[in-house]
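Take a look at the following structure, please.
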2 protein chains.
Amino acid sequence: MPISAYIKETMSNKSAGVIRKMFEEGLKLKAQYGEDNVFDFSLGNPDLDPPEKVTDALKKCAADESKNIHGYMPNAGYKFCRDAMAKKTSLEQGVEISGDCVVMAVGAAGALNAVFKAVLNPGDNVIVPSPFFTEYRHYVKNYQGELIEVPAAADCSIDTEAIKNSLNEKTAAVLINSPNNPTGRVYSQANIEQLCKVLEEHGNKCGRKPYLILDEPYRAIVYDGTKVPAAFPLYDSSVVVTSFAKNISIPGERIGYVCVNPACPDKDDFVSAVIFCTRVLGFVNAPALFQRVVAESYDAPCDYSLYKKRRDELMEILDEAGIKHLVPEGAFYMWCKAPDCFNNDDMAFCDYLKKYMILGAPGSSFGGKGWFRLAYCVSEKTILNSRKAFIQAMNDLK
Amino acid sequence: MPISAYIKETMSNKSAGVIRKMFEEGLKLKAQYGEDNVFDFSLGNPDLDPPEKVTDALKKCAADESKNIHGYMPNAGYKFCRDAMAKKTSLEQGVEISGDCVVMAVGAAGALNAVFKAVLNPGDNVIVPSPFFTEYRHYVKNYQGELIEVPAAADCSIDTEAIKNSLNEKTAAVLINSPNNPTGRVYSQANIEQLCKVLEEHGNKCGRKPYLILDEPYRAIVYDGTKVPAAFPLYDSSVVVTSFAKNISIPGERIGYVCVNPACPDKDDFVSAVIFCTRVLGFVNAPALFQRVVAESYDAPCDYSLYKKRRDELMEILDEAGIKHLVPEGAFYMWCKAPDCFNNDDMAFCDYLKKYMILGAPGSSFGGKGWFRLAYCVSEKTILNSRKAFIQAMNDLK
């Protein structure tokens, strides 16, 4: 009784799960060499503590012993929680949204899976600007869909002309992630407007309007006054999928949601389908306790200035070491170029960095060959201590 | 941009999600007519409070503000939690098990989905004695598998001869659920031994040994000294999937696990595949907080005598009303026969009962045409108050 042939093959692919492998290797290295001697930039596991309002809400909800408080609720989630998420998304998207547009989910990953299962027919495609969050490949493939990677512009904004040329009658959705993982890019208002125009025109022409899926777990984490534009007012067939993993630092708790544009022509069908898929995929519902927690504390004041400080410190180190990188406008990822002497072999360069106890994620797994990602949601100490290692690693190349 | 054609079709099937629809209808009816006037036996949403050891552990874990306590951990779960689940399963299965046989999951439903994705090739089949938990259909279909329903014996034990005749080279797994939902049957030691013998012989003959998947969320809930036999010592290619939903009444929190038999020839591949599938299906990991909670409190003493009392009270009422039923040996479901005058139309009878404010689940959705399921994990008051309604409903048929 061997395991599934497809899973066996996928798992044997060297780049499959390379980030998670790095993370688990990092845990082992830290145990072996000490926390301070390993510079683990592999995973987007936020280092900031959850805000006090969140931990207070958690303590309060955990102490609540009302009847059935940990029981099943409707698969879509508690009504009060859906209403709270609608209120939050209304503020972000600038349109009035009611709770019946929201389905609570097991993190943004669970949300994306429920959405893809809901909308994809076998053979349909999903278009994503590349580089992109590496797990999208699996999420789309889970439902016999095809992920079409469309290279971003040189500045990592969306190349809307290239998207336009890739759209076809099999396109079920275009998926964007802003602030972006792995590039830190925040797509501008003009860029989003142009994308929506392209989608609208394609829909009119081909009769099938793709959903615009907005994967926004990093929406709140922006720097230097950057703003994440709203897409709901621009394109009706749009959907937000998001989580509380990154903005309030609780990725292990698996709490997120789907919110469909109230103007979406298929709104009711879409919501019913996402609820159904949440159920039959075995999520059943988002964890009950954390639904209560986020309903009470989603508007907790957060201070991301520490991430900005770390970003600036890391940029200074990379500049000193001679590693080229983008300037992140949001999220907590630095998108860096492997040195020329590695001939775009980012896997080899990440292996090389490992010798200096630096763990980064190879760009190939994000569809960004020749690049690598450093997640700087780590302690300031890790960043400052990594200076010598980066400089030594680059000097040894000379 | 309509939703997926398959999802649309599946959702339009009247029996799809009928139990969940009943549950949600029950919530509305209760809001309208008052809690005391609706007899909602639709869903296995446990009425007992979680044991004190569990709620104490929850409060303690929620108050823990250690660094990264809500962060990502390895996709398989915390090591200490996997070790605790291994210890628990060792006691249940009577064989020594280590933590590396365990993968933490988002409830038993999440566990089953990860396992099916891990083992099913498109076109493979999974054999289940029917009646069976209705969601299995979707879980197997999610991975292009086929669920083969093999009618149980008249007493709802496993008809091992019928299973034998259904096994073929496409059989990836046989799935059993004991104590059983919806029948309350606990398979005997002899029944399990016979099944394992059949599987072993089939494996030897055809060269493909099916996994025996033991779905055991009700293992602890048994009556009258009934024991749930261990299958690990009898068949090496066996796997437990389970959760803490039913035994400690926290179904909304989505915490469960997969534990593979340490003697399984494919053990390492199997565990890696389940971890991988947990990740790529978007579960990512079982909720962090409840991993801590169950690691501390999985052995909480539980008293199920209240369920036994309710079982007995409900049986008395049904006997008085003239509704035939099985005597449940475990779990908290009563498997009842629709009156003859309904000609095996259990949907029609459940609709009829609704007029008397009684909500039950039609047997057809469990593959048990002509029967219906009453979940008696409800308050004693609900059961006692339902007496008049059952008797009236049956009298009005005369």
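Not measured: the values here are computed from a predicted model. Letters go in sequence order (proteins before strands), and every chain restarts at 1.
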Chain B contact via Leu43(A) - which portion, at a heavy-atom distance below 4.5 Å: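 Side chain only.
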Closest-packed option against chain B by number of heavy-atom pairs under 4.5 Å, given Ala114(A), Ala109(A), Gly252(A):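 Counting heavy-atom pairs under 4.5 Å, the top option is Gly252(A).
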Under 4.5 Å from any heavy atom of chain B, what part of Glu253(A) do you find: side chain, backbone, both or neither?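 Backbone plus side chain of Glu253(A), per the 4.5 Å heavy-atom cut-off to chain B.
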Please work out whether the ring planes of Tyr139(A) and Phe133(A) are parallel, tilted or perpendicular, with thresholds of 30° and 60°.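 Perpendicular: the ring planes of Tyr139(A) and Phe133(A) meet at over 60°.
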Looking only at heavy atoms, what is the nearest atom pair of Asn113(A) and Tyr143(A), with distance?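 Where Asn113(A) meets Tyr143(A) most closely, the heavy atoms are OD1-OH, 2.7 Å.
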Sort out for me which of Met73(B), Lys8(B), Lys67(B) touches chain A most, counting heavy-atom pairs under 4.5 Å.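 Going by pairs under 4.5 Å, I would pick Lys67(B).
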Under a 4.5 Å heavy-atom cutoff, which of Asn68(B), Thr55(B), Leu48(B), Asn142(B) has the most pairs with chain A?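 The residue among Asn68(B), Thr55(B), Leu48(B), Asn142(B) with the greatest pair count is Asn142(B).
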Heavy-atom pair count under 4.5 Å with chain A, highest-scoring of Leu112(B), Val274(B), Asn75(B):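 Option with the greatest count: Asn75(B).
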Is Lys60(B) close to chain A through its backbone or its side chain, or both, or neither, when contacts mean heavy atoms under 4.5 Å?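 Lys60(B) has no heavy atom closer than 4.5 Å to chain A.
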Nearest heavy-atom neighbours spanning Glu296(A) and Lys53(A):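 Heavy-atom minimum between the residues: O-CE, 3.4 Å.
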Structural part of Pro251(A) lying under 4.5 Å from a heavy atom of chain B: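 Pro251(A) touches chain B through backbone and side-chain heavy atoms alike.
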Spacing of Ser365(A) atom OG and Glu135(A) atom CD [to the nearest 0.5 Å]: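 Between Ser365(A) OG and Glu135(A) CD, I get 9.5 Å after rounding to 0.5 Å.
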Using the ring of each side chain (for Trp, its six-membered ring), is His70(B) parallel, tilted or perpendicular to Phe290(A), with breaks at 30° and 60°?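 Because their plane-to-plane angle is over 60°, the rings of His70(B) and Phe290(A) count as perpendicular.
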Does any heavy atom of chain B fall under 4.5 Å from the side chain of Cys277(A), the backbone, both, or neither of them?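 The answer is the side chain of Cys277(A).
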Begin with the C-alpha distance, continue with both residues' side-chain angles, and end with the deciding distance and a verdict on side chain to side chain donor-acceptor pair (under 3.5 Å) for Tyr78(A) and Asn285(A). CA-CA 9 Å; Tyr78(A) 293 116; Asn285(A) 57 253; over 6 Å; no
So which of Phe283(A), Phe270(A), Tyr6(A) has the largest heavy-atom pair count under 4.5 angstrom toward chain B?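 Maximum pair count with chain B is reached by Phe283(A).
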Top residue by heavy-atom pair count (under 4.5 Å) with chain A, among Asp47(B), Leu120(B), Thr171(B), Val106(B)?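 Highest number of heavy-atom pairs under 4.5 Å: Asp47(B).
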Least distance between heavy atoms, Lys117(B) atom then Ser4(A) atom: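 So the two residues come closest at O-CB, 3.9 Å.
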Please flag which part of Pro122(A) lies under 4.5 Å from any non-hydrogen atom of chain B: side chain, backbone, both or neither.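 Neither part.
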Which one wins on heavy-atom pair count under 4.5 Å against chain A: Ile7(B), Asn121(B), Ile250(B), Asn45(B)?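 When all of Ile7(B), Asn121(B), Ile250(B), Asn45(B) are compared, Asn45(B) has the most.
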With a 4.5 angstrom heavy-atom cut-off, is it the side chain or the backbone of Pro74(B) that approaches chain A, or both, or neither?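 Both backbone and side chain.
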Where does Ile255(B) contact chain A at under 4.5 Å (heavy atoms): side chain, backbone, both or neither?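 The answer is neither part of Ile255(B).
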Is the ring pair Phe244(B)/Tyr257(B) parallel, tilted or perpendicular, if the boundaries are 30 and 60 degrees?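 Correct class here is tilted.
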Roughly how far apart are Gln291(A) CD and Lys79(A) NZ, rounded to 0.5 Å?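 Between atom CD of Gln291(A) and atom NZ of Lys79(A) there are 13.5 Å.
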Just give me the residue among Ala118(B), Ala245(B), Gly110(B) that pairs up with chain A most often, heavy atom to heavy atom, under 4.5 Å.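 The residue among Ala118(B), Ala245(B), Gly110(B) with the greatest pair count is Ala118(B).
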Nearest 0.5 Å, what's the OG-CD1 distance between Ser272(B) and Ile3(A)?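 Nearest 0.5 Å value for the OG-CD1 distance: 7.5 Å.
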So which part of Ala108(A) gets closer than 4.5 Å to some heavy atom of chain B, the side chain, the backbone, both or neither?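 Looking at Ala108(A), nothing touches chain B.
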Arg20(B) NZ/CZ over Tyr72(A) ring centroid, <6.0 Å and within 45° of normal: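 Cation-pi check for Arg20(B) and Tyr72(A): passes.
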